[in-house]
Protein chains: 2
Amino acid sequence: MGSSAKEEARIADALCKAVLERKLAPGSKLPEEELAQIFRSNRAKIRRVLLLLSRSHIVTLEPGRGAFVSRPSPQEARDVLASRRLIEVSLLARPYRRLSAQAAERLRRIMAEEAQAHAAHDAIAMIYLSGQFHLTLIEELGNKVLKSITGELILRMSLIITMYERQNTTCCLSSDHHDLLELLLAHDYVEASALMARHLEGIESCLDFHREPATTTILSQILQPLKD
Amino acid sequence: MGSSAKEEARIADALCKAVLERKLAPGSKLPEEELAQIFRSNRAKIRRVLLLLSRSHIVTLEPGRGAFVSRPSPQEARDVLASRRLIEVSLLARPYRRLSAQAAERLRRIMAEEAQAHAAHDAIAMIYLSGQFHLTLIEELGNKVLKSITGELILRMSLIITMYERQNTTCCLSSDHHDLLELLLAHDYVEASALMARHLEGIESCLDFHREPATTTILSQILQPLKD
DNA sequence: TCAACCATTATTGTTTACAATATCAAGGCT
DNA sequence: AGCCTTGATATTGTAAACAATAATGGTTGA
């Protein structure tokens, strides 16, 4: 066996997925025993998963009280977005290497999926795919460390978007992604960087920090179907 | 009581300190039971600490084999440094706010300590204080998220320096720190940013990736005196 | 009627013992 | 002699029982 790390990753992914799909609302309680049953696991493993997720700022551990889906504050949201902007804009201005042909291909494939999700009005898939696009970009132009840092930020950002997204808006314009790729292939890094800055500012303008908590502390009944 | 998180932080800090003070060489085995005795703790707590430290890339967990002090590869070292450079240089070019008077005061105090450490030829203190200077800068000019990201990178960097530092060199020139502060107070962000770039490149040139493992897998005998 | 208090219940946190696995040493085989 | 096998030992990984703490609900008294 030995695949305990794998199993924990599976549980962590499933939890993240449930959060990002808005099946688990921010603030929801995550009881250890219940999660253990849902995932056919035990409390010890669940405990490690929750500890790790708390380091990713996806869940918050309150000593003696348990684990909850995080509710990032508006300030935290602004800081996360500003940090992403700093990293991504700077990297595009001076990338570590050029886009390879197969990198461009990877990006195009993601864009195609984005188009599908857009056509299907699948907002959740769009958030995920947009993240994948940005992450792939960082991976191709930057290095592994930057990728893991930005990956964490994008994950936090996804949670933030599910929490604060203004209704009737789509947060990440896929047309921007298209233009971004063209600029990079043309080696116009100045314009690419500027577009990325505008693009990320566009995300911020889609957020509404006034609309208060979606306090729907959904029961883990919701989680039952995703144990596979 | 309930201060279990505090105790774990204490243990984690002590371990980090031991690593950065070169009392624990990269690659050293970290047996759980032994650590539990040294810190008058239990295996469960040690286990959590090691899990967290592995997320900080200070220790590496090998499934079934245990925990070891990390041995960052040359590639990882370069990536960490490049990531730091990207973040710090960009932030200085366009800081989120200006340096307050008390911020300048904090920085000056750290610089004074650096001078002391330099006079005392205390290389370990210098690495630590240099990190503190950079971290304070990020905190004052940036935001909390950037600070925590950079804090992690600086910690990894410290481990990298202890591992790869060329002999007879001092890695972080405190004269640069002085000039940096002056430029920032004069609001000359272009020059400050350029100086930071040179400064961090200076660190890289102090590293020697050829000199192979300092495989001195020191026994935890060494750890005994730091249990307080 | 509302608020404060106490007992009950449920959940988290810790310790313990146990099982699985890897390391190490000795002995035998080629 | 050197390498592989085999058993002993130590360490990691897991599960389960226990203790401590926080949430819950009902009762009492003003």
Side-chain angles (χ1 to χ4, degrees), chain A residues 1-12 15 24-25 27-55 58-71 213 215-224 227, chain B residues 1-12 15 24-25 27-55 58-71 213 215-224 227:
Chain A
M1 305 270 289
S3 62
S4 91
K6 280 287 168 66
E7 187 185 348
E8 286 173 23
R10 181 184 64 89
I11 296 173
L15 275 176
L24 272 175
S28 304
K29 180 89 197 292
L30 299 172
E32 299 174 357
E33 186 59 44
E34 207 164 346
L35 291 177
Q37 286 174 6
I38 290 172
F39 291 109
R40 313 280 174 83
S41 187
N42 51 45
R43 270 184 63 210
K45 281 203 186 72
I46 295 294
R47 211 149 225 282
R48 273 197 297 275
V49 169
L50 292 175
L51 183 61
L52 266 334
L53 285 179
S54 80
R55 296 284 289 193
I58 296 303
V59 314
T60 300
L61 299 182
E62 295 186 23
R65 297 199 56 236
F68 303 81
V69 179
S70 291
R71 293 163 33 85
T215 35
T216 23
T217 332
I218 298 175
L219 310 187
S220 58
Q221 192 83 8
I222 309 299
L223 259 177
Q224 295 286 6
K227 61 174 167 292
Chain B
M1 304 278 286
S3 62
S4 90
K6 281 286 167 64
E7 187 186 347
E8 287 173 23
R10 180 183 64 87
I11 296 173
L15 275 176
L24 272 175
S28 304
K29 180 89 198 293
L30 299 172
E32 300 175 355
E33 187 58 45
E34 206 164 348
L35 291 177
Q37 287 173 6
I38 290 171
F39 291 109
R40 313 279 173 82
S41 187
N42 51 45
R43 267 184 65 208
K45 281 202 185 71
I46 296 294
R47 208 150 226 281
R48 272 196 299 275
V49 169
L50 292 175
L51 183 62
L52 268 333
L53 285 179
S54 81
R55 296 285 288 194
I58 296 305
V59 314
T60 300
L61 299 182
E62 296 187 22
R65 298 198 54 235
F68 303 81
V69 178
S70 291
R71 295 163 32 85
T215 34
T216 22
T217 332
I218 298 174
L219 310 187
S220 56
Q221 193 82 7
I222 310 299
L223 259 177
Q224 295 285 5
K227 63 174 167 292

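Proteins come first, then strands; the chains are lettered A, B, ... in the order of their sequence lines, and each starts at number 1. Quick note: numbers below take in every heavy atom, side chains included, and nothing from hydrogens, waters or symmetry partners.
Atom pair Q37(B):CD and dT11(D):P shows a separation of 10 Å (rounding to whole Å applied). Regarding E62(A), its CD atom lies at a distance of 13 Å from the C1' atom of dA23(D), rounded to whole Å. Following rounding to the nearest Å, E33(B) (CD) and dG13(D) (C1') show an atom-to-atom distance of 14 Å. The distance between atom CD of E8(B) and atom P of dG13(C), rounded to the nearest whole Å, is 10 Å. Going from atom CD of E7(A) over to atom P of dG13(D) covers 15 Å, rounded to whole Å. Taking atom CZ of R43(B) as the reference point, atom C1' of dT12(D) lies 6 Å away to the nearest angstrom. Rounded to whole angstrom, the span from the CZ atom of R40(A) across to the C1' atom of dT14(D) amounts to 19 Å. Remark: C1' of dT11(C) and CZ of F68(A) are 11 Å apart, rounded to the nearest angstrom.
Distances from the side chain of R65(A) to the nucleotides dA23(D), dT12(C), dT14(D) place dA23(D) closest. Listed nucleotides dT12(C), dT14(C), dT12(D) differ in distance to E32(B); the shortest reach to its side chain belongs to dT12(D). The nucleotide whose nearest atom lies closest to any side-chain atom of K29(B) is, among dG13(D), dT11(D), dT14(C), dT11(D).
Here the shortest heavy-atom pairing between E7(A) and R40(A) reads OE2-O, 4.3 Å. Between A25(B) and V69(B), the shortest heavy-atom contact is O-CB, 3.6 Å.
Looking only at side-chain heavy atoms (C-beta outward), L35(B) and L50(B) come within less than 4.5 Å of each other.
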Pair L30(A)-L24(A), side-chain contact (heavy atoms from CB on, under 4.5 Å): steps then yes or no: CA-CA 9 Å; L30(A) 299 172; L24(A) 272 175; 4.1 Å; yes
Evaluate K29(A) against E34(A) for side-chain contact (heavy atoms from CB on, under 4.5 Å), listing each step before the verdict. CA-CA 10 Å; K29(A) 180 89 197 292; E34(A) 207 164 346; over 6 Å; no
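At least one side-chain nitrogen or oxygen of R48(B) sits closer than 4.0 Å to the OP1 or OP2 atom of dT14(C). A sub-4.0 Å separation between OP1 or OP2 of dT12(D) and a side-chain N or O of R47(B) is absent.
If G64(A) and K45(A) are placed on DNA chain D by their nearest nucleotide, the residue sitting closer to the 5' end is K45(A).
Using a 4.0 Å heavy-atom criterion, one finds that A44(B) contacts the bases of the nucleic acid, with or without backbone contacts as well.
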